[in-house]
Amino acid sequence: MEDGNPYNQEVRALFSALVHAGDIKGDYPQVVVVETQESEQGARLVLSAGVKQWKIAEIRFRAWGCPHLLAGAEVFCSAMEGVPVNAFSHFGVVDLIERLDVPVQKTGRMLLIEDAARKLAAAME
């Protein structure tokens with residue numbers, strides 16, 4: 001937390017420029033869509049990946065939740081675009097939680113990203 005703001009500078013910057021928010025724009029041989037949600041707070045994350053030649057050619061998200069969730073989804077998508085489809089089957093959110101200074105009570109929202117990554121990897125096997 002910086003200056004009483006519940007979101008660190010990186011979260012604020014990412015939240016104001018969500019490059020990967022929205023839907024897949026390209027035409028790909030394989031498009032995989034997965035969804036995860038947390039029932040207690042109603043947070044929800046949908047990941048869409050366009051696959052070409054065993055690589056993630058394009059990845060987008062739609063999220064319903066707090067700025068931490070949206071910023072985390074943006075970081076994940078940015079890191080995964082252009083990588084082989086099996087690269088994120090072991091994605092974990094510990095570093096992401098620290099990087100974005102996510103409060104303990106929001107850990108479940110960050111775990112939505114990890115769950116979605118695993119679902120996406122399983123759907124592409």
Flag yes if [X] and [Y] sit in one hydrophobic cluster, no otherwise; membership is Ile, Leu, Val, Met, Phe, Trp, Tyr, and two members link when side-chain heavy atoms are under 4.5 Å apart.
| X | Y | value |
| --- | --- | --- |
| L70 | I24 | no |
| W54 | V51 | yes |
| F61 | F15 | yes |
| L96 | V83 | yes |
| L111 | F76 | yes |

Any chance you could measure [X], atom [atom1], to [Y], atom [atom2], to the nearest 0.5 Å?
| X | Y | atom1 | atom2 | value |
| --- | --- | --- | --- | --- |
| E38 | M110 | CD | CE | 10.5 Å |
| L112 | E35 | CG | CD | 10.0 Å |
| L47 | K119 | CG | NZ | 10.0 Å |
| I56 | S48 | CD1 | OG | 11.0 Å |

Residue pair V34, R118: steps toward the side-chain contact (heavy atoms from CB on, under 4.5 Å) verdict: CA-CA 10 Å; V34 298; R118 290 189 177 142; over 6 Å; no

Tell me the closest heavy-atom pair linking [X] and [Y], and the distance in Å.
| X | Y | value |
| --- | --- | --- |
| L18 | L14 | CD2-O, 3.1 Å |
| K55 | G82 | CD-O, 3.7 Å |
| P67 | V11 | O-CG1, 4.0 Å |

Hey, is K25 close enough to E58 for a salt bridge, meaning N to O under 4.0 Å?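 Here K25 does not pair with E58 in a salt bridge, since their nearest N and O are not under 4.0 Å apart.
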
Any carboxylate oxygen within less than 4.0 angstrom of a Lys/Arg side-chain nitrogen, looking at E74 and R60?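 No, E74 and R60 are not salt-bridged.
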
Is any side-chain heavy atom of [X] less than 4.5 Å from a side-chain heavy atom of [Y]?
| X | Y | value |
| --- | --- | --- |
| L45 | W64 | no |
| I59 | L120 | yes |
| V85 | M124 | yes |
| I113 | L69 | yes |
| P103 | H68 | yes |

Ignoring hydrogens and geometry, is there a side-chain-to-backbone donor-acceptor pair from [X] to [Y] under 3.5 Å?
| X | Y | result |
| --- | --- | --- |
| K52 | P29 | no |
| R109 | A43 | no |
| N8 | R99 | yes |

Pair I97-T107, side-chain contact (heavy atoms from CB on, under 4.5 Å): steps then yes or no: CA-CA 7 Å; I97 288 169; T107 302; 4.0 Å; yes

In this structure, are over 12 heavy atoms from other groups packed under 6.0 Å from Q53 atom CD?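 Check fails, neighbour count at 12 or below.
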
